[in-house]
Each structure stands twice: as structure tokens, then as C-alpha cells.
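This report concerns only the one structure given below.
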Amino acid sequence: MKLLSTSPQENTPKRRPKISRTHPDICRKIIAFEEIILVHRNSKSAREVATLLKVPNSTMQSWRSRKNTPDIPPEMAEFFSTLIGKELLQRITMAVYQVTHFGSGGIRGLQEFLELSTLNQFVASSYGALQAFSVRCEKHIVIFGDREEKRLAEKMKKRKITAGLDELFRGRHPCLVAIEVVSGFILLEKFTDDRKAETWSKELKPRLEGLNIELGQVVSDLCGGIRASAKQLGADHIPEIFHGQYEISKATAGALASQEREFARLASEAEEKVQKAVQKGGEDSEKAQEAIKLCKLRKFGLEQRQERCKKVRNAKKELSRIHHPIEISTGKVQTAEAMKEKFDTQFKIIDAAAKEACLSASCFKRLEKAKRAFDAIVDYLKTFFIFYKAFVEGLALDAELERYFHEVIFPACYLKMIWKRLPKREKEALKELRKDLEIKLSASLYLEEMKKALMDKGRECAEMFQRSSSCVEGRNGVLSLYYHRFRRLSIRSLKALTIVHNFHIKQMDNSTAAQRMFGGDHENLFESLVKSVRIPGWPQGQYHDPETRLLGWQKRLAA
């Protein structure tokens, strides 16, 4: 078959370009369609009129059916179907985009939005009016949060939780942040004078009592104040893995990378010397042979340093892969002793690389600190596996069902819990294991009610194993941005931000942190604001405005 063109793109069939129209353009087409139909109701069909307007009839009918929207009042649907409504919708949407992407946020951002959308003709947009409106909103949010927390806590059965604790430093005072790690519910966000154990206990205890919960575990770094407060509150402390890995990185990454860069530079210089020596006297000359020998030595040294960096990186990653209650590759439940041996193996690799590289004394001190962090992790693992054994024994299962729980239920529940947090490569590697566990779960002869009950217990047990306080670290970053954006955060503003996080922000499953925490529904925060908070009134002309002043003088002269 002979091609019409050598370019493959020119030989492909050309599709009709997609026509995109704005809301006002669509509204004009609909109005024209309805007017023509009204005038020529007996002589022209709907298809002919649509063809006259250069719009497919199916598209026109689809446009006209959009007026019937069941989720909004008919008056609103009717207004936004008019040309004025469409133009206002276009302007409001563009104003929101402009402010959210390029605006300043806060009251200044709200002022800009009202001006761009021309809503400032109907809503007072002065700084004072909007500031008073913001205060009314924050007060209502605080009242809403206190009321809903009290109502939901009364209905919830008292239980133990795992909380992530950390501090944010802004200004001269630390902000204590505590989050329930499973639901993401913020328990505490407050600026205090210090971060001592007594301060943590003083702030946390009334919150726990008010929410009808008990602190069972605390996950954090090795901060002395947090560990002491966990002990005072009767909770077990869980050392997170990140800070241990971070100390390894600070001890080795920079120093080993510096050595690698230095040898890469030396190897490059040696190659240049070889080329110059060969050009002057040929490959067999004495200078060329010496330069070649030096170049090989430096390349060998570079390869050694590259391999050393690779070993340390892999060992650090392997520490993370080991730190799971199940063997992440096979799905079998581990033991604390086996995990400690694996940790020690990886630290031997890191120590050997550090000694070969002749790192400084400060680097070895950081490695010792990392070892202490992992020793604390091992201590927690011993506690967890004691809990795991007691938990399974408390279920009073027979031997066959207990084996099924160990081999299928708990590994499946744990994998499901951590799946979203895994990187793409690990998901690909574990896809077969997860599929195999799902097959074993569905193929078992137990009743569906029994499987569901076991899965609930398996999820409860898996949620007890926590190894990171990343939720608190992420919240600290958000609070830091808010602090810079608003220049500071008052007590009321900070509490309002906490309540918005707990009762408004939703995850992919369309649930808020409060719903996941208390296991019940709550009132819609945004709808409560719409119903209860008064927005700024009609804008009034100010005397200092030149135009207003001129109109006042004209009225006086006329009188």
C-alpha cells in the first residue's frame, strides 16, 4: 500500500475539532433556540432550528435539560439559566481562580474577590466590615466545635487511642500539637510558654477527659518531655523510625557524597592528563603509561566510593522495610528478636562503610544516636508482640482459626492499612502478595459474618502498630504556613483552624476526622455558617470618599 505522505501524522484520519463554548455563549444559543421555536412553532422542527444555530440537536437538548437540577432551589436554577446569571457565574468563578491562585488570602484576598466578582456592590467590602465578619465566623466555628465534640463524646464508648505528639516553634513560644493517628483528629493545638512534660500533661489531660478517651500509646521522636509526659499519662511511648534514619543520613550522606564528588573530579583530571600524554608522546610513552595507571587507580577509587554510598542507601531503606510486624515480602508475622538481628545486620554494613571512609568523630556520634533510636524501637516491638499475642488469645479461637488469623487476616489487614502510604515500586512488588491474601480470604469456607468479625479485629490490632508521626509533621508545616500568612495566630484563630480540620476537611472516602474518630455523623460546619452567621450588610458611602462628598454637597445646594 502506497502512503500518501511520508509523515505518519498526516496519514492519520483527522478528527473534527472539539468546540468549547462559555456559559454565556451557551445561554445565548438556548435563548435564540427558544425564540425561533416560539415564532416558527409550526414551520420548523427542533432539529432544523438547532442546525440553523450550528449546534447538534442532541447537544441543544442536553443544554436545555440542565435547568432541572434537583439539588438546588428552582429559583436559583432559573436565575443561573439566564444570560445575566451565566455572566455572573463566569465572573465569580474567574474571581475565585484569581484570588486562590495569585491572591494574598485572608481579608485582603476576600476584598479582592468581592471587587473582581462585582459583589462589592451588594456586600460591604471595607477592611473593618470584613474583619468583623471574620471574627463572627471564628466565634461561631469555636462554639460549633465545642458543641459537636461534647455531643459526639457522650455517645462514644470510652476507648484507648494512639496519638502523635510534636512541637512547632514560631516566635518565642512552642505550639504543642497532638493528633490521633488513625483518624487524623486533632486533639491539641496550643501555643505555650515551654514544652516540658508537665505542660504537655496539663494541656492533654483535660482534652482526653472531655472527649471520653484514654491515651494508650504516644508516637514521637525521642524528645525527653514527650516521653516523660507519656509516662505521666500512663501511655506507652513509640519511637518513630524517621528520626533514626535521619541521623544515619546526617552522619553519612554528606560526607560520602563529598568523597564521591572529589574522586569524580580527580578521575576527570586524570583522563585529561592521559589524553594530553597520548597526544604528545603516544600510548607507549612513559608519561602516558603513568597517566593511564593513575587514571585506573582513581576510577577504581571512584567505583569504591560509589559502591559505598549505594550500600549505605540500601541499608537505610532496608531498615524501613524491616520495621513492620509482618515480613513485607512474605506476609508472615515477625518476632522482635528476628527484627533486632536484621537491624544489627544493616548497621554492620553502615558501620563498615563509615570506617572505610574514615568519617569524623561527629559522624560516628550520630550513628551511635541512630543505634539508640533503633534500640528503643526494638523495645517497643517487644511490647507490641506481647500485646499481639494477648490480643489473639483473648479472641478465644480454635487452633485452625488462630492459624488463619496469623497467616491471612492480620497480614491482609496490615497491608490494607499501609497500602496508600507505600511508594509505587513497593506496591508493584507487593501486588502479588496482596492478591494471594485476598484469594485465601475469599476461598476460605468460614461464614461471611465470621470473616467480617475477624477482619474488624485484625484491623483493630493492625492499627495498634504505629511507626511514624508524619501526620503531626505535616500539620506542623500547614500551621507554619498559616502563621506566616496571617503574621500570627491568635488563640481563637488557632482553635478555629483546628475545628475546621476536624469537622470540615474530608478524605477520599468523604469522611471528616471527627466522623472517623467518634464513629458518628455531625452537623455540616459550612451549612451552619451559612445559616447562622450574618454576612456584611449593604455597602454604605463614606464621607471621605470624594464622589460621596460631592453628591452630599449637591444635595445640600439643591435643598
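Not a single donor-acceptor pair under 3.5 Å links the side chain of Asn502 to the backbone N or O of Ala514. Side-chain N or O atoms of Arg305 include none that pairs as donor or acceptor with a backbone N or O of Leu256 at under 3.5 Å. Looking at Ser442, its side chain does come within 3.5 Å of a backbone N or O of Glu438 through a donor-acceptor pair. A distance-only check finds no donor-acceptor pair linking the side chain of Gln306 to the backbone of Glu260 [under 3.5 Å]. Checked by atom type and distance alone, the side chain of Gln217 pairs as donor or acceptor with a backbone atom of Met464 at under 3.5 Å. Between the His237 side chain and the Asp221 main chain, a donor and an acceptor come within less than 3.5 Å of each other. Under a 3.5 Å cut-off, the side chain of Arg170 and the backbone N or O of Cys175 do not form any donor-acceptor pair. Here the side chain of Glu426 pairs no donor or acceptor atom with the backbone of Pro423 at under 3.5 angstrom. Between the Ser229 side chain and the Ile226 main chain, a donor and an acceptor come within less than 3.5 Å of each other. Checked by atom type and distance alone, the side chain of His501 pairs as donor or acceptor with a backbone atom of Gly184 at under 3.5 Å.
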task: Kindly determine whether Lys293 and Glu290 satisfy salt bridge (Lys or Arg N to Asp or Glu O under 4.0 Å), including the steps that lead there.
output: CA-CA 5 Å; Lys293 184 183 291 186; Glu290 290 179 359; over 6 Å; no

query: Going through the checks in order, is the salt bridge (Lys or Arg N to Asp or Glu O under 4.0 Å) test met by Lys431 and Glu428?
result: CA-CA 5 Å; Lys431 192 180 289 185; Glu428 290 295 327; 3.4 Å; yes

- request: For Arg372 and Glu368, run salt bridge (Lys or Arg N to Asp or Glu O under 4.0 Å): C-alpha distance rounded to whole Å, both residues' side-chain angles, the deciding distance at 0.1 Å, then the answer.
  value: CA-CA 6 Å; Arg372 290 196 298 272; Glu368 289 299 323; 5.3 Å; no

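The pair Asp344-Lys348 fails the salt-bridge criterion, with no side-chain N (NZ, NE, NH1 or NH2) lying under 4.0 Å from an Asp/Glu carboxylate O. The pair Arg321-Glu318 counts as a salt bridge, with a side-chain nitrogen and a carboxylate oxygen less than 4.0 angstrom apart. The existence of a salt bridge linking Arg459 and Glu463 is confirmed by a sub-4.0 Å separation between a basic side-chain nitrogen and an acidic carboxylate oxygen. Glu87 has a carboxylate O that lies under 4.0 Å from a charged side-chain N of Arg28, or vice versa, which qualifies the two as a salt bridge. Comment: Lys332 does not engage Glu327 in a salt bridge, judged by the lack of any side-chain N to carboxylate O separation of less than 4.0 angstrom.
The aromatic rings of His324 and Tyr414 stand perpendicular to each other, their planes meeting at an angle above 60°, with 30° marking the opposite boundary.
Under the side chain to side chain donor-acceptor pair (under 3.5 Å) criterion, Gln346 pairs with no residue at all, not counting sequence neighbours.
Partner Thr498 forms a side chain to side chain donor-acceptor pair (under 3.5 Å) with one of Lys190, Glu189, Arg475 and no other, that one being Glu189. With Phe374 as the partner, the ring pair (Phe, Tyr, Trp, His ring centres under 6.0 Å) test is satisfied by one option alone out of Phe242, Phe343, Tyr380: Phe343.
Val219 approaches Glu240 most closely through the heavy-atom pair CG2-CB, 4.2 Å.
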